[in-house]
Amino acid sequence: MTIRLYNTATRQKDPLVTRTEGRVRMYHCGPTVYASAHIGNFRAFLLADLMRRFFEDQGFEVLQVMNITDVGHMTADDEDLGVDAIEAAAERERLDPYQIARKYEDEFKGFMAALHFRMPHHMPRATEHIAEMGAIIDTLLEHGYAYQVNGNVYFEIAKFPRYGALSGKVLDELEEGARVAVNTEKRDPRDFALWKTDAKHLMQWDAPFAGGMRGFPGWHIECSAMAMKYLGKSFDVHTGGEDNLFPHHECEVAQSEAATGEQFVRTWLHVKHLLVEGQKMSKSRGNFVTVADVFDRGYSGYELRYAIVKVQYRQTLNFTWSGLDDARASIKRVRQAWERVIRIAAGAAAAGADDIAAEVTAAGAAFTAALADDLNTSEALAAVFALVTAINKAQPDVGSAAAAAAALQRFEDVLAVFGEAPTADRPDAPPELLEKVRAREAARAARDFARADQLRDEVAAAGYRIVDSSAGPQLEPM
RNA sequence: GGUGCCUUGGCCGAGUGGUUAGGCAGUAGAUUGCAAAUCUGCGUACAUCGGUUCGAUUCCGGUAGGCACCUCCA
């Protein structure tokens, strides 16, 4: 099936045509590791994981790179404005910048694992690719795309006419209304830094390019260097938050294509920011929700994934705590149907005579079509629930129960929101509880319902729910 | 100031020029001794004002509100 993705560069849904047939190479702008990741960060990274999973589902061999930005960047070109994010965190936490970066990188990877990511094949650190950045800077200087002033190296956008094409920025209007600090070193205020010098900066390297001074890399060069190192000069997909579009990705294109003369990225995807309880997430509002906050409130990685993935990535997502409760209930509904068909297929539960193979096929096709249409996860979930309802309405036969279970497993492999497959065999309950169940059956037979309900309460207190069925009472862990 | 996006029933959210999105919650019924789960039904849904059209939630324009980028941010 043809996969169509909304390409920021063309402003339309383009069919995914990879440079090498059957292979997708993707780069994702990763975290700057100076603080705990919040759910907004993870919305963007979850898109990367969803693409990885869906492309693999569709038979692609995926090569995925997500960088770790472990060097901070100034918030303005004026050095006197101070410290970058990582240095600020270092001061706050009384650690050196490298310790800060590693601490939050480790935490970030832990969150990825807790959210059931397929880990990217490479997660390179910016600080370990200074040489690669230097090579690009060398080339840009040699070819006249960059110039050096007082040890600082700037990319000269006047030399790259396509600057602004990706983001659709009209260069003449770029500065209107924006607070841009005057920097008289630059030939054009919109030129951006490739290398900077500042004696006060804690992270410093000898210049990795010819004729330079000791300093640190500019904001954008790391992504070009690492993307090209691991994916080649030209690759298929690049993702990031919508805020990255300008200037970050615009600058990446300029410096990369100026250096190589080749198209840097075929398809650009940008993830829309989310809201929290209807409001923009911001420090001043104090409504930052970190991944740790979600776990602290007792929600699982699957539940968080569900709450985020249920909305297509280009739509504003309103994250709410009640939405997490909804996710929990929705997941439960799917899992119940899933367990049912697994048990029927395994002979652990009675099979019926209904053939639901057609419904299974239809749901699978709808699921694929939904994701192929710019990763429409909302529609994909509707397809999942169509299958769930079909299962619940029917008494599936063994064959179509197995097919339904396989379909649900596939949906889970792509979305990773429902959890691991239920098992056909229910674990044995403690003997004393089974004894209570038997006693309750006796009480029911004697129509002593007060006694029966009391026994059920006792079993419930032990963590099991008694569910009466045509096949007798079942014990289910709660 | 420039540019772009959005506004769907109690909540979250698809989609479409005329036909049921889906989930959660609620409610009535079936089933059950009672439950749980499940199934079925229900709830004046498409911000607002105009326009185009046989017909608009779905296209066009105005208005109101929200969001984003232009400045560190996913």
Side-chain angles (χ1 to χ4, degrees), chain A residues 8 11 28-32 34-35 37-48 72-77 81 84-85 88 164 167-181 190 219 239-248 250 270-275 278-283 306-307 310-320 322-334 336-337 340 366 370 376-386 388-389 391-394 443-444 447-450 452-453 456-457 460 465-470 474 476 478:
Chain A
T8 305
R11 285 157 187 77
H28 313 291
C29 278
T32 302
Y34 66 96
H38 59 254
I39 55 174
N41 295 313
F42 268 92
R43 186 184 195 192
F45 305 137
L46 244 15
L47 172 73
H73 299 287
M74 295 299 191
T75 55
D77 282 341
L81 279 184
D84 67 51
S167 60
K169 296 294 178 196
V170 181
L171 293 189
D172 293 343
E173 294 169 351
L174 218 60
E175 292 169 277
E176 279 182 36
R179 292 176 302 156
V180 174
R190 297 159 297 187
W219 172 25
T239 74
E242 58 177 333
D243 54 290
N244 283 151
L245 174 56
F246 189 91
H248 186 53
E250 193 74 59
H270 292 95
V271 183
K272 191 106 169 160
H273 283 186
L274 54 70
L275 304 178
Q279 292 209 300
K280 174 176 150 185
M281 189 163 68
S282 70
K283 278 180 179 139
Y306 189 104
K310 74 176 179 184
V311 182
Q312 199 256 3
Y313 73 96
R314 284 197 297 127
Q315 300 300 322
T316 300
L317 155 66
N318 185 14
F319 176 88
T320 62
S322 69
L324 238 22
D325 291 331
D326 290 357
R328 177 172 289 176
S330 302
I331 291 167
K332 185 180 172 195
R333 178 169 158 80
V334 172
Q336 243 162 316
R340 182 150 173 261
N376 191 333
T377 41
S378 300
E379 280 209 339
L381 282 169
V384 174
F385 283 102
V388 166
T389 299
I391 291 169
N392 287 337
K393 282 171 95 151
R444 291 179 73 204
R447 302 197 68 78
D448 183 357
F449 295 121
D453 289 346
R456 179 165 59 194
D457 289 344
R465 176 173 25 242
I466 299 176
V467 178
D468 295 322
S469 76
S470 54
Q474 307 282 315
E476 294 180 354
M478 285 195 282

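In what follows, chains carry the letters A, B, and so on, assigned in the order in which the sequence lines appear, proteins first and then strands, with residues in each chain numbered from 1. What you see below is based on every heavy atom in this structure, not just the backbone, and it leaves out hydrogens, waters and symmetry mates.
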Think [X] has a side-chain N or O under 4.0 angstrom from the OP1 or OP2 of [N]?
| X | N | value |
| --- | --- | --- |
| A:Arg465 | B:A35 | no |
| A:Lys393 | B:U40 | yes |
| A:Asn244 | B:A74 | no |

Which protein N or O atoms sit under 3.5 Å from an N or O of nucleotides 4-10 of chain B?
| residue | atom | partner | partner atom | Å |
| --- | --- | --- | --- | --- |
| B:C5 | O2' | A:Lys272 | NZ | 3.3 |

Students often get this wrong, so: under 4.0 angstrom with heavy atoms, is [X] touching a base, only sugar-phosphate, or nothing?
| X | result |
| --- | --- |
| A:Asp468 | base |
| A:Asp453 | base |
| A:Ile39 | nothing |
| A:Arg43 | nothing |

Nucleotide nearest [X] (side chain, heavy atoms from C-beta), chosen from [options]:
| X | options | value |
| --- | --- | --- |
| A:Tyr34 | B:C24, B:A74, B:G13 | B:A74 |
| A:Lys310 | B:C12, B:A14, B:C72 | B:C12 |
| A:Lys280 | B:G15, B:C67, B:C70 | B:C67 |

State whether the distance check finds a donor on one side and an acceptor on the other, under 3.5 Å, for side chain [X] versus base [N].
| X | N | answer |
| --- | --- | --- |
| A:Asn41 | B:C73 | no |
| A:Arg456 | B:C34 | yes |
| A:His270 | B:A74 | no |
| A:Arg447 | B:G33 | no |
| A:Asn376 | B:G15 | no |

- Using purine N1 to pyrimidine N3 plus N6-O4 or O6-N4 for Watson-Crick, or N1-O2 and O6-N3 for G-U wobble, both under 3.5 Å, which nucleotide pairs with B:G9? none
- Separation of the P atoms in B:G13 and B:A28, to the nearest angstrom: 28 Å
- Message: Taking 5.5 Å and 30° as the limits, would you call A:His273 and the base of B:A68 a stacked pair?
- Response: no
- Could you tell me whether the side-chain ring of A:Phe385 sits stacked on the base of B:G22, using a centroid cut-off under 5.5 Å and a plane angle under 30°? no
- Message: For A:Phe385 and A:Tyr306, take the angle between the two ring planes, folded into 0 to 90°, and tell me which bin it lands in: parallel under 30, tilted 30 to 60, perpendicular over 60.
- Response: perpendicular
- A:Glu242 meets the side-chain hydrogen bond (donor to acceptor under 3.5 Å, both in side chains) criterion, sequence neighbours left out, with none
- Message: With heavy-atom distances below 4.5 Å as the criterion, would you say the side chains of A:Lys272 and A:Arg43 are in contact?
- Response: yes
